[in-house]
Amino acid sequence: MVDRIAREEGITMNTIQSKSLLGVGSIGEVPVLLVKPQSYINYSGEAIAPLAAYYEVPLRHILVIYDEMSLPNGVLRLQRKGGHGRHNGLQNVMENLDGSRELPRLSIGIGSPPGKMDTRAFLLQKFSSEERLQIDTALEQGVDAVRTLVLKGFSGSIERFNLVQKYKFHSV
């Protein structure tokens with residue numbers, strides 16, 4: 001998602017700092033810092049927290065983007081705050097930011113392992129062609145959601161976004 005945002009907004013990811021690849025730019029007139037930790041996802045907080053301190057970014061201006069097995073593949077959810085939901089990477093970010101739950105987040109559904117498939121094997125496998133199309137669509141929609149969030153903040157349009165996402169693969 002960060003790569004897609006960078007490409008769509010013309011932000012070059014060309015700086016290495018705090019175990020992360022960074023890009024500085026703007027969305028509309030709003031300055032943004034895109035951060036792509038280069039550590040294991042379960043240790044992302046060790047990269048993000050020092051950057052938040054160095055650039056003096058308030059927690060409410062940090063958007064954590066992560067994959068979510070409890071959402072169907074390709075479904076997005078944007079939240080103002082909340083817990084980590086047993087997501088080790090998000091938990092590590094929260095712990096490294098003084099345990100705060102006040103972090104906006106965008107989760108990208110990847111579905112859950114079928115049957116008794118090992119979770120690690122599921123997370124490391126490639127998407128099927130159908131799943132890849134769903135993820136690509138989600139990435140496009142995610143960029144639009146990030147633009148809206150950056151330019152307008154959490155508003156009624158974000159709530160409508162979540163409702164549309166919840167039912168986007170249901171046919172009536």
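Please read all numbers here as calculations on a predicted model, not as lab measurements.
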field: For Glu68, all residues meeting salt bridge (charged side-chain N to carboxylate O under 4.0 Å, His left out), sequence neighbours excluded
entry: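 In terms of salt bridge (charged side-chain N to carboxylate O under 4.0 Å, His left out), with neighbours along the sequence ignored, Glu68 is linked to no residue.
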- request: Could you verify whether a donor N or O on one side chain and an acceptor N or O on the other, from His87 and Asp67, lie under 3.5 Å apart?
  value: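 Note: His87 and Asp67 side chains meet the donor-acceptor criterion.
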query: When you look at Ile62 and Leu97, which way does the side chain to side chain contact (heavy atoms under 4.5 Å, CB included) test go after all the steps?
result: CA-CA 11 Å; Ile62 297 172; Leu97 292 171; 4.2 Å; yes
Less than 4.5 Å apart, side chain to side chain, heavy atoms only: is that true for [X] and [Y]?
X	Y	result
Leu123	Met69	yes
Leu63	Val150	no
Phe154	Pro104	yes
Ile110	Phe127	yes
Arg147	Glu9	yes
Tyr66	Ile108	no
Val64	Leu106	no
Gln38	Lys19	no

Do [X] and [Y] belong together in a cluster built from hydrophobic side chains that touch within less than 4.5 Å?
X	Y	value
Val143	Ile11	yes
Leu76	Val2	yes
Tyr54	Leu21	no
Leu33	Val30	no
Ile48	Ile16	no

[atom1]-[atom2] distance between [X] and [Y], expressed to the nearest 0.5 angstrom:
X	Y	atom1	atom2	value
Asp144	Glu8	CG	CD	8.0 Å
His61	Leu103	NE2	CG	12.5 Å
Asn73	Ile135	CG	CD1	4.0 Å
Ser44	Ile65	OG	CD1	12.0 Å
Ile27	Leu149	CD1	CG	9.0 Å
Leu139	Arg4	CG	CZ	5.0 Å

Is the backbone N or O of [Y] less than 3.5 Å from a side-chain atom of [X], with the two atoms forming a donor-acceptor pair by type?
X	Y	value
Ser20	Ser18	yes
Arg105	Gly82	yes
Asn92	Gly45	yes

query: Can you name the nearest heavy-atom pair linking Gly89 to Asn42, along with the distance?
result: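 Of all heavy-atom pairs spanning Gly89 and Asn42, the closest is N-OD1, 3.7 Å.
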field: Pairs touching residues 111-128 that satisfy side chain to side chain donor-acceptor pair (under 3.5 Å), sequence neighbours left out
entry: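 Found Ser128-Glu131.
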- request: Just jot down the side chain to side chain contact (heavy atoms under 4.5 Å, CB included) partners of Arg101, sequence neighbours excluded, or say none.
  value: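 Expected list: Met94.
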- request: Taking atom OH of Tyr55 as the centre, report whether more than 12 heavy atoms of other residues, nucleotides or ligands fall under 6.0 Å from it.
  value: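 For Tyr55, atom OH is crowded (more than 12 foreign heavy atoms under 6.0 Å).
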- request: Apply side chain to side chain contact (heavy atoms under 4.5 Å, CB included) to Val146 and Val32, showing your working.
  value: CA-CA 11 Å; Val146 169; Val32 295; over 6 Å; no
query: Does the pair Asp3/Arg7 count as a salt bridge with the N-to-O cut at 4.0 Å?
result: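 No, this pair does not count.
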